There are 2 protein chains.
Amino acid sequence: MLHKLSGTDIFRFFDLGDPLRKFVAGHLYKYKRMFDTLFFHIAAKISLPDPEKETIKTFFTQRKFKRKQFLLQEGETCRQLSFISKGLIKSYNVDDNGEDHINLFGWEGWWVSDFYSFLSATPGQLNIEAIEDTEVLQITLADYEAMLIKVPVMERYFRILYQNSIVTKERRLMSSITHTAEEKYRHLLQHHPELIQRIPQTLIASYLGLAPETISRIKRNKTP
Amino acid sequence: MLHKLSGTDIFRFFDLGDPLRKFVAGHLYKYKRMFDTLFFHIAAKISLPDPEKETIKTFFTQRKFKRKQFLLQEGETCRQLSFISKGLIKSYNVDDNGEDHINLFGWEGWWVSDFYSFLSATPGQLNIEAIEDTEVLQITLADYEAMLIKVPVMERYFRILYQNSIVTKERRLMSSITHTAEEKYRHLLQHHPELIQRIPQTLIASYLGLAPETISRIKRNKTP
DNA sequence: GACAAGGCTTGATCTGTGTCAATAAATACC
DNA sequence: GGTATTTATTGACACAGATCAAGCCTTGTC
């Protein structure tokens, strides 16, 4: 089975504002099983037979985090790749002046980690913190690698996942370099309006690399 | 075989400044076959038996580009994923004011395309242009997908390739948001000094999102 | 080897966005 | 339900880095 990809589909499970989010949340509630969210997302990219699902389950452990609790702190080695089945997190680092800079937001259907730290098994600089109460499925590096050996079709899943992620990250980078503050904010507003509702403006500002005051001024100047 | 990954290894085939570049260049010269560079790079991530190599060869076509020639122009659909076996390219887009913004430089061992355009088969906004005379191996989307079906271990290769690429792109994004002009330039200088030699300052500036004059001033102020 | 074209430096000036500070509004908490 | 905390707004001001302009230096070309 080839992975079919349309112009919009490419972002479906990736960029901020996953349109399936609400449905997935309902789905989860109905079955009350965190793995359903995972398999639902996997099914969007590859077809995964039931026996393989059972194998995959054995590699993950479930964990819950309260609001403001850290999944990972700067200086730690990130031992887990986490799939968010419920909740909302921010991943950020702190610069020399003590300022936070948000790397990404993640919610239902997102994979999060300090990827560099995780893959290299060395201490990293990212903090990952729950913004809302969050439930995740976690896998260690050894198990991630073992799973990919044991269930080779997951290579395909992650290849497609990462492939799409690269597109998103390239776009965000170019936006960061080429756009003005206002363009960045309006772009986010246009493409991910739900974000603005769910996440405080201060954090949005940090994510966009702007001062919160700048966003206030943009809203004042051109919203009328 | 698991892919072993050390802290430095993670960037080896990815970020600017591939340390194997010179060796590969020599290697290529010796055997005068573009595929050697490709298989050399693949071998760094997975082990690929000879029969599979022969299969893979059938999916690629070779192409050469002269300095200043375009591999791809804005508005075109990017039909090819290109592996650079020799040369140097820039990938950039043009903003509403007609300014260029360089997305990435690529040379021996890099894969380049307008990834979004390629995967979605829709027109893209990137220009890809040869800075030096360049030789590439190209594969279409259909052949890329066919190859991944026929040689499944290539899923693994691309998964690892993309995985590393994500780390690099995340770092560049955070650098772009958190660092000052001077920090960005010094960081590049420290980690990729060869770049500064091989690529004109104007292009470096565009890559970093700075004005060329800013780089001149940085060099004046603190090099003494 | 002369001319063209491109690349680099320097100074003067302008401007978008950050910083600081004070207040108001919204939300969380016991 | 009232206080504490967080979040958003607004104004005054500062500054990093862009822009504009001019001149110089380097490289390529016939």
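Sequence lines set the chain letters: A, B, ... in the order given, protein chains first and strands last, and positions in each chain run from 1. Not measured: the values here are computed from a predicted model.
Salt bridge B/Lys169/A/Glu170: present, at least one basic N to carboxylate O contact under 4.0 Å. Using a 4.0 Å cut-off between charged side-chain N and carboxylate O, A/Glu108 and A/Arg198 make a salt bridge.
The main-chain N or O of B/Thr202 is never found under 3.5 Å from a side-chain atom of B/Ser206 such that the two would form a donor-acceptor pair. One N or O on the side chain of A/Asp95 and one on the backbone of A/Asn97 form a donor-acceptor pair closer than 3.5 Å. Checking side-chain atoms of A/Gln163 against main-chain N and O of A/Ile160 turns up no donor-acceptor pair under 3.5 Å.
Within 6.0 Å of atom CD in B/Gln125, 12 or fewer heavy atoms from other residues, nucleotides or ligands are found, so the atom counts as exposed in its surroundings. More than 12 heavy atoms of other shown residues, nucleotides or ligands fall within 6.0 angstrom of atom NZ in A/Lys57.
The distance from atom CD1 of B/Ile215 to atom P of D/dG17 is 12 Å, rounded to the nearest whole Å. Computed from coordinates, the B/Ile218 CD1 to C/dC8 P distance equals 14 Å when rounded to whole Å. Spacing between atom NE2 of B/His101 and atom C1' of D/dA18 amounts to 12 Å, rounded to whole angstrom units. Remark: P of D/dT9 and OH of A/Tyr185 are 8 Å apart, rounded to the nearest angstrom. Atom CD of B/Glu99 is separated from atom C1' of D/dG17 by 14 Å (rounded to the nearest Å). One atom, CD1 of B/Ile204, and another, P of C/dT9, lie 13 Å apart when rounded to the nearest Å. B/Glu132 places its CD atom 12 Å from the P atom of D/dG28, with the value rounded to the nearest Å. Atom CD in A/Gln197 sits roughly 17 Å away from atom C1' in C/dT27 (whole-Å rounding).
In this structure, A/Tyr92 and A/Phe70 have tilted ring planes: the angle between them lies in the 30° to 60° band.
Contact annotation: A/Lys219 does not reach the phosphate of D/dA8 (side-chain N/O to OP1 or OP2, under 4.0 Å). Taking side-chain N and O atoms only, B/Gln201 has a distance below 4.0 Å to OP1 or OP2 of C/dT9. Side-chain N/O atoms of A/Thr180 include none lying less than 4.0 angstrom from OP1 or OP2 on C/dG16.
The end-to-end axis angle of the helix from C/dG1-D/dC30 to C/dC30-D/dG1, rounded to 10 degrees and based on five pairs per end, is 60°.
When each of B/Leu38, B/Thr37, B/Val112 is checked for a side chain to side chain contact (heavy atoms under 4.5 Å, CB included) with B/Ile84, only B/Val112 meets the rule.
In the set C/dA28, D/dA18, C/dG7, C/dG7 carries the atom at the smallest distance from any side-chain atom of B/Thr202.
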List every contact pair, protein side and nucleotides 10-12 of chain C side both N or O, where the distance is under 3.5 Å.
unit_1, atom_1, unit_2, atom_2, d
C/dG11, OP2, B/Arg220, NH1, 2.5
C/dG11, N7, B/Arg217, NH2, 2.9
C/dG11, O6, B/Arg217, NH2, 2.9
C/dA12, N6, B/Arg217, NH2, 3.2

